[in-house]
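Predicted model, so just to flag it, every value in this text is computed and none were measured. As the structure lists them, so they are numbered: ligands from 1, and atoms in each ligand from 1.
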Amino acid sequence: MLEVANLAAGYGRLRVLHGVTLSVPAGKIVALLGANGAGKTTLMRAIAGLATIHAGAISIGGQPATRQAPETLVRRGLVLVPQGRLLFADMTVRENLEMGAYTAGRYAAWSRQLSFVESLFPILRERAGQFAALLSGGEQQMLALARALMSSPRYLLLDEPSLGLSPRAFGTILDAVRRINGDGIPVLIAEQNVRRILKLADYGYVLEAGRIALAGQAHELLADDRLRKSYLGAD
Ligand code: ATP
């Protein structure tokens, strides 16, 4: 279980989030929705130790995780796949995967995790020796997710994985998320692609101007008038 309680956070003195409370229960997929600038990335970064926490608390597995260094959180199993992927562009696909295992100190599990991520994304085995910069957008997103999985995460945070992807490539990512979650890993996923993510998620939260404006079971949100008007378009 990942829990965020009354969190106020931002960048230096700038406050972006105001009293955000949210939880990602064991084994669940939780969607974080909201327009551009609502604060989704900031919340992801705050949980991962990459933003300034002004007030409130974060815990993972019932243990405090507020204001810890990002690398400490990674070692505790909390891994963020950032928006924009941030791959090592001039390293090969395989080297990027090695870095994922190395950063978290999980070198021992290397070959087991490598087989797992290559079964999720066979293209990464075919392209093992290619520079990351030469992959397509969809393949880069697969590699970013695969690199995160190399650290054997216990909690996975995905920040807008659909960005720049074709519907088909995004579908591949969502299938992988379903399989990862099937192994019991809770996933928090920020998305603007509301409809597709709510079909996958168990629960969703809508952020507006740094506050939770709406929360509920994914199927309830899909049918919610306010959400339909603001984010799903008329149909
Ligand atoms: P998007 O979908 O566009 O990524 P978002 O919901 O993820 O939007 P954030 O990126 O969290 O929103 O941005 C929330 C607010 O924080 C915005 O007003 C933004 O200008 C501000 N902000 C984001 N990053 C920084 C930063 N590094 N320093 C200062 N302010 C920032």
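Between the side chains of T92 and Q130, no donor-acceptor pair of N or O atoms lies under 3.5 Å. Using modelled atom types, one finds a donor on one side chain and an acceptor on the other under 3.5 Å when comparing Q83 with T41. Between the side chains of N193 and E160, not a single donor N or O lies within less than 3.5 Å of an accepting N or O. The closest side-chain donor-acceptor pair between Q63 and R76, if any, does not fall under 3.5 angstrom. With hydrogens and angles left out, the side-chain atoms of Y11 and T42 include a donor and acceptor closer than 3.5 Å.
Crowding of R226 atom CZ: a count of heavy atoms from other residues, nucleotides or ligands under 6.0 Å not exceeding 12.
Closer than 4.0 angstrom to ligand 1 by heavy atom are Y11, L14, V16, A35, N36, G37, A38, G39, K40, T41, T42, Q83, E160, Q192, sorted by chain and number.
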